[in-house]
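Predicted, not measured: the structure shown is a model, and the values here were computed from it. Just so it is clear, the values below take in all heavy atoms, side chains as well, and ignore hydrogens, waters and symmetry mates.
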Amino acid sequence: QVQLVESGGGSVQAGGSLRLSCAASGIIFRRNVMAWYRQAPGKQRELVATITSDHTTAYPDSVKGRFTISRDGANAMIYLQMNSLKPEDTAVYYCATGNGYWGQGTQVTVSS
């Protein structure tokens, strides 16, 4: 059974930082592309960051230079370091595998 469990969300002021974590189980972690998505109220789910099995990363322009995705193969974890947060980063953040498994999400709220 595949499980993805996010943690680390919370409330922060603009300019602050948060680090999200995702613990994966039930998958061959080292083979999977992993990703972070987010969904703000009334908006479509948006891809935030991806990381391949060889640690190649990609980001949309909206977070490039502020967010960093990383993975720890030994512990089947992925992380999202978020710096210089903006109010528009407020959303529920989801961890996902490249083949369609999702976590339950963690709320990030950035106040101005």
Practice task
Please step through side-chain contact (heavy atoms from CB on, under 4.5 Å) for the pair V33 and T97, ending with a clear verdict.
Solution key: CA-CA 6 Å; V33 174; T97 68; over 6 Å; no
Exercise for the section: Not counting sequence neighbours, list each pair that qualifies as a side chain to side chain donor-acceptor pair (under 3.5 Å) and has a residue in residues 9-28. Expected result: S17-N83
Practice task
Could you walk me through whether Q3 and I27 pass side-chain contact (heavy atoms from CB on, under 4.5 Å), step by step?
Solution key: CA-CA 8 Å; Q3 274 197 314; I27 61 173; over 6 Å; no
Handout entry: Presence of salt bridge, K64 and D61, under 4.0 angstrom
Key = yes
Problem - Ring centre gap for W36 and F67 strictly below 6.0 Å - result: no
Quick one: pull up [atom1] in [X] and [atom2] in [Y] and give me the separation to the nearest 0.5 Å.
X	Y	atom1	atom2	answer
R66	T68	CZ	OG1	11.0 Å
E6	L20	CD	CG	8.5 Å
S112	K86	OG	NZ	13.5 Å
T109	D89	OG1	CG	11.0 Å

Exercise for the section: Look at the side-chain heavy atoms of Ile, Leu, Val, Met, Phe, Trp and Tyr, link any pair under 4.5 Å apart, and say whether Y59 and M34 land in one connected group. Expected result: yes
Handout entry: hydrophobic_cluster_shared for L18 and I51, side chain cutoff 4.5 Å
Key = yes
Handout entry: For A35 against I69, the heavy-atom pair lying closest together
Key = CA-CD1, 4.4 Å
Fill in the blank from the handout: Heavy-atom nearest pair, C22 first then L4, reads SG-CB, 4.0 Å
Exercise for the section: Taking the side chain as every heavy atom from C-beta outward, state whether I78 and C95 have any atom pair closer than 4.5 Å. Expected result: yes
Problem - Neighbour count above 12 (heavy atom, 6.0 Å) for Y101 OH - result: no
Handout entry: Enclosure of R30 CZ (heavy-atom neighbours >12, cutoff 6.0 Å)
Key = no
Problem - Intermediate values then yes/no, side-chain contact (heavy atoms from CB on, under 4.5 Å), L80 and V48 - result: CA-CA 9 Å; L80 186 68; V48 172; 4.1 Å; yes
Practice task
Look at the side chain of S53 and the backbone N and O of R31, then say whether any donor-acceptor pair between them is shorter than 3.5 Å.
Solution key: no
Practice task
Just say parallel, tilted or perpendicular for the rings of W102 and Y94, cut-offs at 30° and 60°.
Solution key: perpendicular
Handout entry: Cation over ring face, R71 and Y79, 6.0 Å, 45°
Key = no
Exercise for the section: Verify whether one side chain among Y93 and R38 offers a donor that lies under 3.5 Å from an acceptor in the other. Expected result: yes
Practice task
Applying side-chain contact (heavy atoms from CB on, under 4.5 Å) between T90 and each of V110, L85, V108, report the one that passes.
Solution key: V110
